[in-house]
> 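I'd like to ask some things about the structure below.
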Amino acid sequence: QVQLVESGGGLVQPGGSLRLSCAPSGSIFSINLMAWFRQAPGKQRELVARIISGGSTNYADSVKGRFAISRDNAKNTVYLQMNSLKPEGTAVYYCQAVLQERSRGSPRVYWGQGTQVTVSS
């Protein structure tokens, strides 16, 4: 089964930058979309950014102009560049992929384990 391997989380000061990475580990036939969600303690998981196979992107209003999602198709890897980070950005960030494995006949949704991002001075 496909696993999404996340990296890049950590501690950063307000106004600082961080880049997250997410790479599927299994045998992939195609990827429909990849996205980043985040969840703070006591809050619901929310969509941060999404990139579709054709390259179109969507962002939460709260991160527009500060975050950028990108994709390396050769590596099947998605990145989230986070600039001008705010304390409100402190959360566990989860990678999501809608993809089709070579052994299956239809796309499925997969989630990463999450990576902690802490924005604090």
> In Å, rounded to the nearest 0.5 Å, how long is the span from OG of Ser120 to CD of Gln13?
8.5 Å

> Please answer: with hydrophobic residues joined when any side-chain heavy atoms are less than 4.5 Å apart, are Ile51 and Phe37 in the same cluster?
no

> Parallel, tilted or perpendicular, judged at 30° and 60°: which one describes the rings of Phe67 and Tyr93?
tilted

> Who are the salt bridge (charged side-chain N to carboxylate O under 4.0 Å, His left out) partners of Glu101, not counting sequence neighbours?
Arg104

> To the nearest 0.5 Å, what is the distance between CG on Asn32 and CZ on Arg108?
13.5 Å

> Under a 3.5 Å cutoff, is there a donor and acceptor pairing between the side chains of Ser17 and Asn83?
yes

> Could you tell me which non-hydrogen atom of Asn76 sits nearest to which non-hydrogen atom of Met34, and how far apart they are?
O-SD, 4.1 Å

> Quick one: do Leu18 and Val92 end up in the same hydrophobic cluster if we chain Ile, Leu, Val, Met, Phe, Trp and Tyr together by side-chain heavy atoms under 4.5 Å apart?
no

> To the nearest 0.5 angstrom, please state how far the OG atom of Ser84 sits from the CZ atom of Arg66.
6.5 Å

> So which heavy atom on Tyr110 is nearest to which on Gln1, and how close?
CE2-CG, 3.7 Å

> Is Leu47 reachable from Trp111 through a run of hydrophobic residues whose side-chain heavy atoms are each under 4.5 Å from the next?
yes

> On a heavy-atom basis, which atom in Leu85 and which in Met82 lie closest, and how many Å separate them?
CD2-CB, 3.8 Å

> Could you give the distance from CZ (Arg50) to CD1 (Ile69), rounded to the nearest 0.5 Å?
9.0 Å

> Name all residues meeting the side chain to side chain donor-acceptor pair (under 3.5 Å) criterion together with Thr118; count only those two or more places apart in sequence or in a different chain, and write none if there are none.
Gln116

> Between Glu46 and Arg38, does the side chain to side chain contact (heavy atoms under 4.5 Å, CB included) criterion hold? Intermediate values first, please.
CA-CA 6 Å; Glu46 64 173 341; Arg38 67 185 179 188; 2.8 Å; yes

> If I compare all heavy atoms of Leu4 with all of Cys95, which pair ends up nearest, and what's the gap?
CD1-O, 3.6 Å

> With clusters defined by side-chain heavy atoms of hydrophobic residues (ILVMFWY) lying less than 4.5 Å apart, directly or transitively, does Val109 cluster with Tyr94?
yes

> Is Arg102 reaching over with its side chain to a backbone N or O of Ile28, donor-acceptor style, under 3.5 angstrom?
yes

> Which pair of non-hydrogen atoms, one from Gln96 and one from Leu33, has the smallest distance, and what is that distance?
OE1-CD1, 3.7 Å

> Does CD belonging to Gln39 count more than 12 external heavy atoms closer than 6.0 Å?
yes

> What's the shortest heavy-atom distance between Cys22 and Trp36, and which atoms?
CB-CZ2, 3.6 Å

> Counting distance only, does the side-chain N/O of Tyr59 pair as donor-acceptor with the main-chain N or O of Gly65 below 3.5 Å?
no

> If you measure from CZ on Arg19 to CG on Leu80, what distance do you get to the nearest 0.5 Å?
10.5 Å

> Using modelled atom types only, decide if a donor and an acceptor are shared between the side chain of Thr90 and the backbone of Val119 within a distance under 3.5 Å.
yes

> Is Ile31 reachable from Ile52 through a run of I, L, V, M, F, W or Y residues, each pair having side-chain heavy atoms under 4.5 Å apart?
no

